[in-house]
Amino acid sequence: MAGLCEVVRPGMLTTVQDWPGRVGLWHVGVPPSGPMDDLSFRLGNRALGNAEGAAGLECTLGGPALRFDRATRVCVTGAPVPVTVNGLPVPQWRTVEIPAGGVLDVGSVRGPGMRCYVLFAGGLAVPEYLGSASTFTLGKFGGGTGRALAAGDELAIGAPGEGAAGVPSDDQPVFTRRWELAVTEGPHGAPEFFTRNDFDTILGTDYEVHFNSDRTGVRLIGPKPQWARTDGGEAGMHPSNIHDTAYTVGALDFTGDTPILLGPDGPSLGGFVCPVTVVAAERWKLGQLTPGDRVRFVPVRAERAASLRALGPERRAGWPIVLSAGGDGDDGVLARAETPDGTAVTYRRAGNDGVLVEYGDMTLDLELRARVQALHEQLLRQADPDITELTPGIRSLQIRTDPDRLPTGRLLDLLAETQALLPGTDELVVPSRTVHLPLSWDDPATREAITRYMHGVRADAPWCPWNIEFIRRANGLASVQDVYDTVFDAEYLVLGLGDVYLGAPVATPTDPRHRLVTTKYNPARTWTPENAVGIGGAYLCIYGMEGPGGYQFVGRTTQVWNHRSSGTGEDPWLLRYFDRIRWYPVSAAELLDLRADFAAGKCDLRTTDGEFRLADYRRFLTDNADSITNFRTRQSEAFRTELDSWRAAGELADRDA
């Protein structure tokens, strides 16, 4: 260790980050985190002679004051900000020597831009959590403390290397109030999800950055889509709803009619469509978007996007505009194919560094999830080093790559070869535990979240003031007791993890007669209590942590993520793919006791081992086909009646116009 620095003043929101962050855990709901503006961060490290990813500080709107016990070199990069050493001004983008006992003071960001970065010769020596020092404040881990800096904190600094005088001016990015972002089409474009006019509007609009933006996502203000569909079917009542799919950092996510650019602390899995995705080399701009800024999306050819490895002029960050001759013009669909038994396979573009593989029609079908599992496991066995993430959804698998080493064309060839190796789904047998979890029905914490939503977002939503009554109405059930009985009678099969962070499962009842169907909040909630249980479309989710959300609440349960597992060698996520969840009722007070026990490592959940056999499940569906059809008919009638009431109340007026 070369020295220590003491936090005299922490700044508004200053966190430890490293680059590329916590890669490889997207499939269990752990975002990469890391610096939102990777370019400014990496340039500062390079100037100091550090590895590009060495841990440093990200400062939002204003920086810290730091006192150093030994002479240290630093470099402050990012948005324009006043910087002093012992009260004397020093330049940004240059390496600066701070004497022993000296104080570095980074003031308020003047703009344009939102974030500045403080890098240290030798980097910060911070303990890693799940392979990274990056701070994920919502998850309460990383950075050594799991939070933003506070006065009195001490930061250890590593041994310095040899560096340069600073960052050359030609390498420095341009900051502005009107941003152009290079995007690729897809994964969910026109005409399947959006109309052609919608897509033209998305590319032809100067969106405004909303004040309610952060590292999870940058909310935008702009025109509402007309939509190519009337609803999302089993995925939800709003046409933005789809069966849960892995997201991409930089994707433009329409949560209902509200567009949000997903950030490095954003959710890994969700049920909303994304028409365009910011290319990897342009995502640094998300970290500098400031409320009131204007944003224009410019389509580019995926194969011509700048490389994320580039840090000089070839990164094209010195241009205030995006030079483009147009996009790929393929609506984000890279290819379509069929499996040997005739199941459709669609390959969608998910940025210039990812592909989304979708099976079958837009329906909830456990056979499609079985196909996803077979592809996922085969790719894991092949262990291609240029595939960086594999994230299953309900009927899809997102594959993230290093595009410089594994371009999309070669990836498609690899996937075609892999598909030929997959076994028939009849042969699929998957370990499937039954996990018994407590559920506090209509818990006070979920009631509070609804109240906050009504006061801070909208009070006239059809699902307010009581989500459970809305679920009853939308499914044509006679009473709220019927909702209760259905939830507690159901056996929920875990189809995905990380549905809104940290091992949070997305699950659906194995018996279709237990599948309650709802819509998701539009716009989404800004706050959801940790471990709230909700239903969206035909799916149930347990929220792994506090954060935004859109599922309709039914109650709350114990933690699905164990922070105490760090350093024990055990996985912190509780559930696995194809686990079966069974609920048992507890009171709100009992749940609080159980949650305290679980947090202290004292609570053992009851689990039983078993298997999921697709062939057996097919027989179950055949034996109960008539009853399942009758249930779905009644449910569809209630669903249509609810939509008609929305239309009569003007809820769908903008879309029908």
Side-chain angles (χ1 to χ4, degrees), residues 183-196 198-199 202 227-229 232-235 239-248 251-252 271-277 299-303 326-379 382 384 387 389-401 403 406-425 495:
V183 298
T184 55
E185 300 166 59
H188 308 116
E192 290 179 86
F193 305 95
F194 294 84
T195 67
R196 292 291 181 198
D198 286 338
F199 208 79
I202 289 168
W227 299 105
R229 308 181 300 166
E234 291 174 301
S240 67
N241 297 162
I242 57 173
H243 297 281
D244 280 39
T245 297
Y247 288 138
T248 301
L252 182 65
F272 294 108
V273 292
C274 302
V276 296
T277 305
V300 299
R301 295 281 298 273
E303 64 183 20
D328 288 282
D330 55 12
D331 301 320
V333 178
L334 296 165
R336 297 186 190 273
E338 286 188 350
T339 63
D341 65 357
T343 300
V345 187
T346 305
Y347 299 91
R348 300 183 185 275
R349 184 184 296 104
N352 70 315
D353 56 349
V355 169
L356 184 70
V357 183
E358 286 184 347
Y359 286 105
D361 297 327
M362 190 69 70
T363 58
L364 172 52
D365 183 344
L366 296 186
E367 181 168 328
L368 300 181
R369 180 60 182 86
R371 291 182 182 276
V372 170
Q373 189 69 13
L375 177 60
H376 184 203
E377 291 178 354
Q378 181 61 35
L379 289 171
Q382 293 174 193
D384 190 309
I387 292 178
E389 299 269 8
L390 292 168
T391 308
I394 301 302
R395 50 183 285 272
S396 61
L397 179 69
Q398 187 193 86
I399 303 160
R400 307 225 62 78
T401 67
L406 184 58
T408 299
R410 280 179 46 208
L411 175 60
L412 291 176
D413 292 341
L414 172 65
L415 291 173
E417 296 169 4
T418 304
Q419 292 281 5
L421 301 174
L422 301 184
T425 50
L495 304 182

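Values in this document were obtained by computation on a predicted structure and should not be read as measured data. Note that these values count all heavy atoms, side chains included, but never hydrogens, waters or copies made by symmetry.
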Side-chain contact test, heavy atoms from C-beta onward, threshold under 4.5 Å: evaluate it for [X] versus [Y] and give yes or no.
X	Y	value
L422	R371	no
E192	R348	yes
L397	L379	yes
L375	Q419	yes
T401	T408	no
L334	L412	yes
Y347	I399	no
L364	H243	yes

Compute whether any side-chain donor of one residue and acceptor of the other, for T339 and D341, lie under 3.5 angstrom apart.
->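 The answer is yes; a qualifying pair exists.
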
* Check the side chains of R400 and T248 for a donor-acceptor pair under 3.5 angstrom, ignoring hydrogens and angles. =>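 Looking only at side-chain atoms, R400 and T248 do form a donor-acceptor pair, the distance falling under 3.5 Å.
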
Quick check: does any side chain N or O of [X] sit under 3.5 Å from a backbone N or O of [Y], one acting as donor and the other as acceptor?
X	Y	result
R395	D361	yes
T245	I394	no
D328	A302	yes
E185	D331	yes
R229	N241	yes

Working to the nearest 0.5 angstrom, can you tell me the gap between [X] [atom1] and [Y] [atom2]?
X	Y	atom1	atom2	result
L495	L368	CG	CG	11.0 Å
Q398	T391	CD	OG1	5.5 Å
H376	R369	NE2	CZ	8.0 Å
H188	F272	NE2	CZ	12.5 Å

Closest contact, heavy atoms only, [X] versus [Y]:
X	Y	answer
P403	N352	CB-O, 3.4 Å
G393	V372	O-CG1, 4.3 Å
I202	P275	CD1-CG, 3.7 Å
G271	Y247	N-OH, 3.4 Å
P187	T277	CD-OG1, 3.9 Å
E367	D365	N-OD1, 2.9 Å

Evaluation steps, side-chain contact (heavy atoms from CB on, under 4.5 Å), between F194 and V273 = CA-CA 9 Å; F194 294 84; V273 292; 3.7 Å; yes

Salt bridge or not between R301 and D330? Use side-chain N to carboxylate O under 4.0 Å.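 Looking at R301 and D330, the cut-off is not met.
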
Does a side-chain N-to-carboxylate-O contact under 4.0 Å join D384 and R410?
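Here D384 does not pair with R410 in a salt bridge, since their nearest N and O are not under 4.0 Å apart.
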
